[in-house]
Amino acid sequence: MQTSAIHLSSETLLSREAAAQALTDAGYVTSSSTLATKATRGNGPGYRIFGKRAIYRWGDLVAWAEEQTAPLRHSTSELKKNPTSEAAI
């Protein structure tokens with residue numbers, strides 16, 4: 001099933017496979033096996049069970065992906081820790 005993340009409302013429900021594809025289409029490259037692993041470990045996006053299948057709400061997927069994304073950077077030098085700020089603490 002091909003899903004375009006651009007046309008999904010935040011309430012759209014997706015199977016695990018469709019969720020992984022929609023996240024990937026939105027720029028958050030994810031596989032369905034990664035979502036399954038994260039579901040067993042408890043560090044993935046929230047999901048519900050319908051019958052025997054996991055279903056994900058698109059809004060929950062986007063919120064989770066954004067939480068996993070590093071803050072905006074303007075330079076690679078921002079990757080380095082500032083030793084003087086840590087010493088002041």
Subject >> From CD (Q68) to CG (N43), nearest 0.5 Å >> reply: 7.5 Å
Original post:
Hey, what do you get for OG (S31) to CD (E17), rounding to the nearest 0.5 Å?
Top reply: 10.5 Å
Subject >> Single-linkage hydrophobic cluster I49~W58, side-chain heavy atoms < 4.5 angstrom >> reply: yes
Subject >> hydrophobic_cluster_shared for L8 and V62, side chain cutoff 4.5 Å >> reply: yes
Subject >> Derivation of the side-chain contact (heavy atoms from CB on, under 4.5 Å) call for T12 and R57 >> reply: CA-CA 6 Å; T12 300; R57 195 176 139 271; over 6 Å; no
Original post:
Is the shortest heavy-atom distance from the side chain of L35 to the side chain of Y47 under 4.5 Å?
Top reply: no
Original post:
So do the side chains of L23 and W64 get within less than 4.5 Å of each other, counting heavy atoms only?
Top reply: yes
Original post:
Donor-acceptor pair, T24 side chain versus T30 backbone, under 3.5 Å?
Top reply: yes
**OP:** Might you point out which heavy atoms bring D60 and G46 nearest each other, and give the distance in Å?
**Re:** CB-O, 4.3 Å
